[in-house]
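We use all heavy atoms of the structure for the numbers below, so side chains are in, but hydrogens, waters and symmetry mates are not.
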Amino acid sequence: MWYEALPSVFIITAALGLPGWGLYHIHNLVLGNHYRRSMVQRWDRMLYARDTRLVNDAYITRGLETIPDAK
């Protein structure tokens, strides 16, 4: 019957879904936020360093009003 396939469906769904769900929470414990920025390319590392230098937090979106004016 059709319901005999349900255990296999649940096992496959859990095997595919739990790693992503787990990483979401592991990033929160380790990094202090739920998201991980990719640092593979040099450009991404430069943008991360810029955001950290300008507003002290690279993960919170802020507008241009938070960047200090050069005098």
- Message: Let me confirm one number: the CG-OH distance from Leu29 to Tyr24, rounded to the nearest 0.5 Å.
- Response: 12.0 Å
- Query: With ILVMFWY side chains joined below 4.5 Å, transitively, what does Tyr3's cluster contain besides itself?
  - Reply: Met1, Trp2, Leu6, Phe10
- Query: CG/Leu18 to CG/Leu23 distance, rounded to the nearest 0.5 angstrom?
  - Reply: 11.0 Å
- Query: Listed by chain and number, what are the side chain to side chain contact (heavy atoms under 4.5 Å, CB included) partners of Met46, not counting sequence neighbours?
  - Reply: Arg42, Trp43
- Atom of Pro19, atom of Ala14 and distance for their closest heavy-atom approach: CD-O, 4.1 Å
- Task: Determine the minimum heavy-atom distance between Val9 and Thr13, stating which atoms define it.
- Result: O-OG1, 2.7 Å
